[in-house]
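One structure below.
Throughout, a chain's letter reflects where its sequence line sits, starting with A, and its residues are numbered from 1. As the structure is a computational prediction, the values presented were derived from the model and not from experiment.
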Number of protein chains: 2
Amino acid sequence: MPTEPTTSSYALLGLLAIHPWTAYDLTRQAKRSMRLFWPRSEAHIYGEVKRLVGWGYATASTERTGNRERTAYAITPAGRDALRTWLATPPAGPQLEIEGLLRLLLADQGDKSDALRAVRTTRDAVTTSYGIGIEQMRAYVEGDGPFPDRVHLVALLARFYADFAEAMLDWCDVAEAEIDAWPDVRGVGLTEPTRHALEEAIARYDRRAHRARQMT
Amino acid sequence: MPTEPTTSSYALLGLLAIHPWTAYDLTRQAKRSMRLFWPRSEAHIYGEVKRLVGWGYATASTERTGNRERTAYAITPAGRDALRTWLATPPAGPQLEIEGLLRLLLADQGDKSDALRAVRTTRDAVTTSYGIGIEQMRAYVEGDGPFPDRVHLVALLARFYADFAEAMLDWCDVAEAEIDAWPDVRGVGLTEPTRHALEEAIARYDRRAHRARQMT
DNA sequence: TCGCACATGTAAATCGTTACATGATTAT
DNA sequence: ATAATCATGTAACGATTTACATGTGCGA
């Protein structure tokens, strides 16, 4: 009952609003549907759902499988109210946590193979999540997949993640090629191709800002 | 002296490897150069740098401004060693934390205006960071900007963030238009345009996977 | 000279993770 | 029957954030 609900609390409450679940099912579902945008450990979820009960947003009922207990959770009317109230508030902005890029920023303290490894490891990780996400979408277009009346929402997120993954993977290819072409990882500075790329990026930004100003 | 250094420890150590800084300058520099990929609060940095000293990776010297103390930090040879060792290990995969998308996933528990606000607020946040990043790059191409011999590294990160921001902003436009076109936020399901978009995404993934298999 | 923003931290609270533990189920 | 894996948590630890506090310099 202490402290306020966090964003993670509402995330879980939102899952309960769709359906009642056992704690373990909640961890599966959270992993399946939210991990790409809101990554939390499974152990955290076991704790968080108890807090929901403490606030009166969910009820717990214990079932029994053989000699072992398990807990099923369901949302309460107060929980639905709280969820709706939260949904009416504005979200925090996106946050990226990309250790591979951090390492690239510091790459001149190591050697070229370190920088290349950072890029390749990052690419592998994205390739894996991208593939998992796409398999889920394949199920949906084949008429499979849970809660088909919610596909329009899931599909919106999937399209974003696919765009993100494509951008990230393309960037990995470019970055790897460029690092490979450096004589060394230190002291390269502003080469002509780099200057050109930056100018392109700036021009693209300016075009967008200009378009935005024209609207209204 | 307790517990192991975290990724954030090494991030800070990497900054010290470039240059000695006062604690406050460290917070400024971390915000300027790392926040987009490794966001940490400024207060955290004050604590973290003391831990670096505890491990013998940095030394602290206190200066004085009027009646007020301030602390300057510098990396030690042991710190450089530790940093190089860390750079030789593989990074964790990228993590996204996008509350706006989380809200969209749960959007059928609220109403259409909630979903639209989630998208618009997200777009505003990205627009702001994108602009700040671009202004830094503008300084670099004009020959301004700190540590010009490191521009090749910074530019690589900038190109990624620009690509990310473009993808995210484009997606925001698409999402807003699509949500706007829904009669209601609930029960829409798999419409024909949505199915088409998903199939396109899957095909794009398959093409990429095919290309990847052809290499080697 | 008053107030406000910048500079420089500290302490407490807490969100979240890692490590552990144990019952049930399935494959071999 | 045994090993491995799935299911279902708990408890401790620690990384990070939020809130607070105070000095300093500058503009009105």
D/dT10 phosphate, OP1 or OP2, under 4.0 Å from A/Lys50 side-chain N/O: yes
B/Tyr73 or A/Thr65, whichever maps to the more 5' nucleotide of DNA chain C: B/Tyr73
Members of residues 15-26 of chain A that approach DNA chain D, where some heavy atom sits under 4.0 Å away: A/Ala23, A/Tyr24
Side chain of B/Arg70 (C-beta onward), nearest among C/dT10, C/dT14, C/dT8: C/dT8
Atom pair distance, as rounded to whole Å: CG in A/Leu12 and P in C/dG16: 11 Å
Residue pairs passing the side-chain hydrogen bond (donor to acceptor under 3.5 Å, both in side chains) test where at least one lies in residues 86-95 of chain A, sequence neighbours excluded: A/Thr89-B/Arg103
Ring pair (Phe, Tyr, Trp, His ring centres under 6.0 Å) partners for B/Tyr130, two or more places apart: A/Tyr205
Axial bend angle, the helix from C/dT1-D/dA28 to C/dT28-D/dA1: five-pair end segments, nearest 10°: 30°
Partners meeting salt bridge (Lys or Arg N to Asp or Glu O under 4.0 Å) with B/Arg208 (sequence neighbours left out): A/Glu166, A/Asp170
d(CZ, A/Arg28; P, D/dT8) in whole Å: 10 Å
Distance-only donor-acceptor check, side chains B/Asp25 and B/Thr22, under 3.5 Å: yes
Under the salt bridge (Lys or Arg N to Asp or Glu O under 4.0 Å) test, residues paired with B/Glu176 that sit two or more places apart: B/Arg120, B/Arg123
Salt bridge (Lys or Arg N to Asp or Glu O under 4.0 Å) partners for A/Lys31, two or more places apart: A/Glu42
Under the ring pair (Phe, Tyr, Trp, His ring centres under 6.0 Å) test, residues paired with A/Tyr24 that sit two or more places apart: none
Rounded interatomic separation in angstrom, taking NZ from B/Lys31 and C1' from C/dC6: 12 Å
Partners meeting salt bridge (Lys or Arg N to Asp or Glu O under 4.0 Å) with B/Glu135 (sequence neighbours left out): B/Arg138
Sugar-phosphate, base or nothing in reach of B/Thr27, heavy atoms under 4.0 Å: nothing
Contacts of B/Arg186 that satisfy side-chain contact (heavy atoms from CB on, under 4.5 Å) - sequence neighbours left out: B/Asp108, B/Asp184
Distance below 4.0 Å between A/Thr71 side-chain N/O and D/dG9 OP1 or OP2: yes
Nucleotides 16-21 of chain D: protein proximity per nucleotide (B base, S sugar-phosphate only, - neither; heavy atom, under 4.0 Å): BBB---
Distance-only donor-acceptor check, side chains A/Ser8 and A/Glu48, under 3.5 Å: no
B/Tyr46 OH to D/dT22 P, straight-line distance once rounded to whole Å: 16 Å
Listed partners of A/Leu36 passing side-chain contact (heavy atoms from CB on, under 4.5 Å), at least two apart: A/Ser129, A/Tyr161
